[in-house]
**Q** 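Mind looking over this structure? Questions follow.
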Amino acid sequence: MSDLQNTGFGGATVGKSDFRFQRDDQLLIQAHIGFAYLALLLGALAGVLQTLQRTGVISLPSALGYYQLLTLHGVSLALVFTTFFIIGFLFSGVAKTTGGELTPRERAWGWTGFVLMAAGTALALIPILTNDASVLYTFYAPLKASPLFYVGLTAVVVGSWCSSVTIFSAFRRWRRAHPGESSPLFAYMAVATMILWVICTLGVAIEMLFLLIPWSMGWTERVDVSLSRTLFWYFGHALVYFWLLPAYIYWYVNIPRLIKGRIFSNSLPRLTFILFILYSIPVGLHHQFNEPGIDSVWKFVQTVLTFFVVIPSFLTAFSILATFELAGRSQGGKGLLGWITKLPYKDVRFLAPFLGMVLFVPAGIGGIINASYQLNQVVHNTLWVTGHFHLTLATSVILTFFGISYMLIPVLRGRTLTPAMNRLGIVQAFTWVIGMALMSGGMHAVGLLGEPRRISYTTYNDHPVAQMWFPYRQAMAWGGGILFTGIVLFLIIAAYLWFFAPKTETPNEYPIGEVTPDQPKPPLFLERWSIWIGVAVGLILFAYTMPFVQLFIHPAPGALPMRTW
């Protein structure tokens, strides 16, 4: 192995954890990661075009609509890129930690999921490109898309369920072979992530199968808007944690190895992920404060439950900082904060996720504001919300995904992350941060000044209020352009690592952190998934039974389909 991969670019020798994927596993993981990068390119191109159009920098041709681009941007990045990348990453870590390879049956489930998700993406892409599904990336009645859009995205969901079988099966196989032992932390967290995903996607699957697909095909004339949106937000908020938990896995499990440290606790991360399963799903009504038809009492109940999600986030912050401090002090860090100087900031595999951690602080604060009953009324339909969304998914999560890519591609491809590519990766990470600071910062500021979201452009005939927004629009335009530059840089680096980087003679390191030998064994009840799934179902029934009963007892008259493009 090259010196660069042994030192972590920071001068501190990383213990060896050499690994080479079995060929069939390698192909499965590469298929998911490669497809994700194609979606990233498509979504980024749509994103920069719609940002420049909305800020008045360019005018789109008549054949290309703003909402068409916005839908393509959202579906490509928030649904397709994230789902394919997350599943590919989870497959890699599960294969590494549950015996070194997947079984043929597990790979078969993985390929079944991939084919369904890829075919579903292609189906959904057709009406988007023909401007017959310009409904944003959400499934929000009464805007109606082509049936292909809903059928395609349903196939993506079903495919992801098949992929979850691979992870569940590998975990169960390891447990049977190691009775009484604590499960590998990566595999444990992967199972928790997919449990959350399966439970939360039931809501959007029901919405599409029983409401939107029949409606889009003309089998029903009207659709209950309140019911469909409630089912969507049952899924929509937990979706954020499906994006976030794989980033947390990298923070908890992979980064300790990169910084020559050890995992602070073997039990705390497990408890954290269980709490995310419990608290991230029964909270969707806080996205519906302005929706009629749902009693405000239940909106308030779910607001309170939303604030419980802060608990596992704070536990994560404590655990990660403790890991960093112990690693820094073990390498000679002195004084109160001397350990900070010992972290490997010159290693892009660490730096990119570290920048995401730092930016997750303001993102989390914004989330608390959005979920507050009164403050939400100020920002709900403004660009503040769009800025918050980009500061969470497109900053904390995506920066971590960049770091994962710089680690994973060399392992997958048997190539070297060269010093030149590492330096370019650092430039790319800071380019992304600068672009997001300008774009998301502009969105937050102009949102507080009242500029609405979900619209293509607002001038109000050059009203003085709209003129106040102009400087922030300029910041958004500059930020969008810089972000696109960051994506191009990333894809150049990824392509180089994939095809052209020097090959290694020995297996690369797949960094998996270890706990200290004196760590107590995690309590057995943390491994009993039946208990926690049962508790999660109980919380969901508590939070959603009465709202759904109210929606069925007092149904809305139903809305006719709308096509505004």
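All figures in this text were calculated on a predicted structure; none of them were measured in a lab.
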**Q** Phe85: which residues meet the ring pair (Phe, Tyr, Trp, His ring centres under 6.0 Å) condition with it, sequence neighbours left out?
**A**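 Phe85 satisfies ring pair (Phe, Tyr, Trp, His ring centres under 6.0 Å) with Phe81, Phe401 only.
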
**Q** Would you be so kind as to tabulate the donor-acceptor pairs closer than 3.5 Å made by side chains of residues 479-491, with sequence neighbours excluded?
**A**
unit_1 : atom_1 : unit_2 : atom_2 : d
Thr485 : OG1    : Gly481 : O      : 3.0

**Q** Just to verify, what does His388 make a ring pair (Phe, Tyr, Trp, His ring centres under 6.0 Å) with, not counting sequence neighbours?
**A**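 Testing His388 for ring pair (Phe, Tyr, Trp, His ring centres under 6.0 Å), a comparison that skips the adjacent residues, returns none.
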
**Q** Indicate yes or no for a side-chain donor-acceptor contact from Gln68 to the backbone of Gly65 under 3.5 Å, with no hydrogens or angles considered.
**A**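 Pair found, side chain donor or acceptor close to backbone of Gly65.
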
**Q** Does anything in residues 491-503 pair up under side-chain hydrogen bond (donor to acceptor under 3.5 Å, both in side chains), and if so which pairs, sequence neighbours excluded?
**A**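 As it turns out, there is no side-chain hydrogen bond (donor to acceptor under 3.5 Å, both in side chains) pair with a partner in residues 491-503 once direct neighbours are skipped.
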
**Q** So does Pro511 get a backbone contact from the side chain of Asn254, meaning a donor-acceptor N/O pair under 3.5 Å?
**A**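 Here the side-chain-to-backbone pair exists.
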
**Q** Classify the side-chain pair Arg413/Gln26 by whether it contains a donor and acceptor separated by less than 3.5 Å.
**A**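 Their side chains do not contain a donor-acceptor pair, so the 3.5 Å distance test is not met.
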
**Q** Please determine whether salt bridge (Lys or Arg N to Asp or Glu O under 4.0 Å) holds for the pair Arg229 and Glu207, giving the CA-CA distance in whole Å, both sets of side-chain angles, and the decisive distance to 0.1 Å.
**A** CA-CA 8 Å; Arg229 292 183 180 182; Glu207 180 194 12; over 6 Å; no

**Q** Measure the spacing between OH of Tyr250 and OG1 of Thr400 and express it to the nearest 0.5 Å.
**A**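 So the OH of Tyr250 and the OG1 of Thr400 are separated by 8.5 Å.
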
**Q** Show me the donor-acceptor pairs within less than 3.5 Å that the side chains of residues 463-471 make with the rest of the protein, sequence neighbours left out.
**A**
unit_1 : atom_1 : unit_2 : atom_2 : d
His463 : ND1    : Val465 : N      : 3.0
Gln467 : NE2    : Asp462 : O      : 2.8
Trp469 : NE1    : Leu449 : O      : 3.2

**Q** Any sub-3.5 Å donor-acceptor pair from Thr55's side-chain atoms to Gln474's backbone N or O?
**A**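 Flag not set: sc Thr55 to bb Gln474 has no pair under 3.5 Å.
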
**Q** Would you mind listing every side-chain hydrogen bond (donor to acceptor under 3.5 Å, both in side chains) that reaches into residues 70-90, with sequence neighbours excluded?
**A**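 Matches after skipping sequence neighbours: Thr82-Trp243.
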
**Q** Would you say Ser396's side chain and Met357's backbone share a donor-acceptor pair under 3.5 angstrom?
**A**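 Answer holds: no.
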
**Q** Within the distance-only criterion (no hydrogens, no angle test), does the side chain of Asn508 pair as donor or acceptor with the backbone N or O of Arg415 below 3.5 angstrom?
**A**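 Indeed, once roles are kept as given, a pair shorter than 3.5 Å links the two residues.
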
**Q** Kindly compute the distance separating CG (Leu123) from CG (Leu148), expressed to the nearest 0.5 Å.
**A**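 Between atom CG of Leu123 and atom CG of Leu148 there are 5.5 Å.
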
**Q** Not counting sequence neighbours, list each pair that qualifies as a side-chain hydrogen bond (donor to acceptor under 3.5 Å, both in side chains) and has a residue in residues 401-411.
**A**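 Pairs touching residues 401-411 that pass the test: Tyr37-Ser405, Tyr406-Gln428.
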
**Q** Does the plane of the ring in His287 sit parallel, tilted or perpendicular to the ring in His237? Use 30° and 60° as the thresholds.
**A**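 Answer is tilted, since the angle falls between 30° and 60°.
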
**Q** Under the side chain to side chain contact (heavy atoms under 4.5 Å, CB included) criterion, do Leu231 and Phe235 qualify, and how do the steps go?
**A** CA-CA 7 Å; Leu231 286 167; Phe235 152 80; over 6 Å; no

**Q** When you measure from the side chain of Thr395 to the backbone of Leu359, do you find a donor-acceptor pair of N or O atoms at a distance under 3.5 Å?
**A**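 No.
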
**Q** When you check the side-chain N and O atoms of Tyr510 and Ser92, is any donor under 3.5 Å from an acceptor?
**A**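 Yes, side-chain donor-acceptor contact under 3.5 Å.
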
**Q** Closer than 3.5 angstrom, by distance alone: can the side chain of Ser163 be matched with the main-chain N or O of Gly113 as a donor-acceptor pair?
**A**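 Such a contact is absent between Ser163 side chain and Gly113 backbone.
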
**Q** Can you list the residues that meet the side-chain hydrogen bond (donor to acceptor under 3.5 Å, both in side chains) rule with Trp233, with sequence neighbours excluded?
**A**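 With sequence neighbours excluded, Trp233 shows a side-chain hydrogen bond (donor to acceptor under 3.5 Å, both in side chains) to Tyr140, given in chain and number order.
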
**Q** Assess the pair Phe186 and Phe89: is the distance between their ring centroids shorter than 6.0 Å?
**A**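 That pair passes the under 6.0 Å test.
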
**Q** Would you check if the side chain of Thr201 reaches a backbone N or O of Val198 as a donor-acceptor pair within less than 3.5 Å?
**A**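 Looks like yes, one N/O pair under 3.5 Å.
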
**Q** Counting neighbours of OH on Tyr472 that are heavy atoms of other residues, nucleotides or ligands and sit closer than 6.0 Å, is the number greater than 12?
**A**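 Not buried by this count: 12 neighbours or fewer within 6.0 Å.
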
**Q** Please name all residues satisfying ring pair (Phe, Tyr, Trp, His ring centres under 6.0 Å) with Trp161, sequence neighbours left out, ordered by chain then number.
**A**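 Trp161: no ring pair (Phe, Tyr, Trp, His ring centres under 6.0 Å) contacts found.
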
**Q** Test: salt bridge (Lys or Arg N to Asp or Glu O under 4.0 Å). Region: residues 424-451. Which pairs qualify, not counting sequence neighbours?
**A**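 Pairs touching residues 424-451 that pass the test: Arg54-Glu451, Glu451-Arg473.
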
**Q** Using ring pair (Phe, Tyr, Trp, His ring centres under 6.0 Å) as the criterion, list what pairs up with Tyr248, not counting sequence neighbours.
**A**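 Trp251, Phe276.
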
**Q** Over 60° means perpendicular and under 30° means parallel, so tell me whether Phe114 and Phe84 are parallel, tilted or perpendicular.
**A**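 The arrangement is perpendicular - the two ring planes meet at more than 60°.
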
**Q** Can you check whether Ile281's main-chain N or O pairs, donor with acceptor, with Tyr234's side chain at less than 3.5 Å?
**A**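 Answer holds: no.
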
**Q** Looking only at non-hydrogen atoms, find the nearest pair between Phe149 and Pro127 and report the distance.
**A**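 That closest heavy-atom pairing would be N-CG, 3.7 Å.
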
**Q** Is a donor from one side chain sitting under 3.5 angstrom from an acceptor on the other, for His286 and Thr306?
**A**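 Note: His286 and Thr306 side chains meet the donor-acceptor criterion.
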
**Q** Output every pair passing salt bridge (Lys or Arg N to Asp or Glu O under 4.0 Å) with a member in residues 25-39, not counting sequence neighbours, ordered by first then second residue.
**A**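 Every salt bridge (Lys or Arg N to Asp or Glu O under 4.0 Å) pair that includes a residue of residues 25-39, provided the two are not neighbours, is Asp25-Arg107.
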
**Q** Measuring from Phe350:CZ to Tyr345:OH, what's the distance to the nearest 0.5 Å?
**A**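 Between Phe350 CZ and Tyr345 OH, I get 5.5 Å after rounding to 0.5 Å.
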
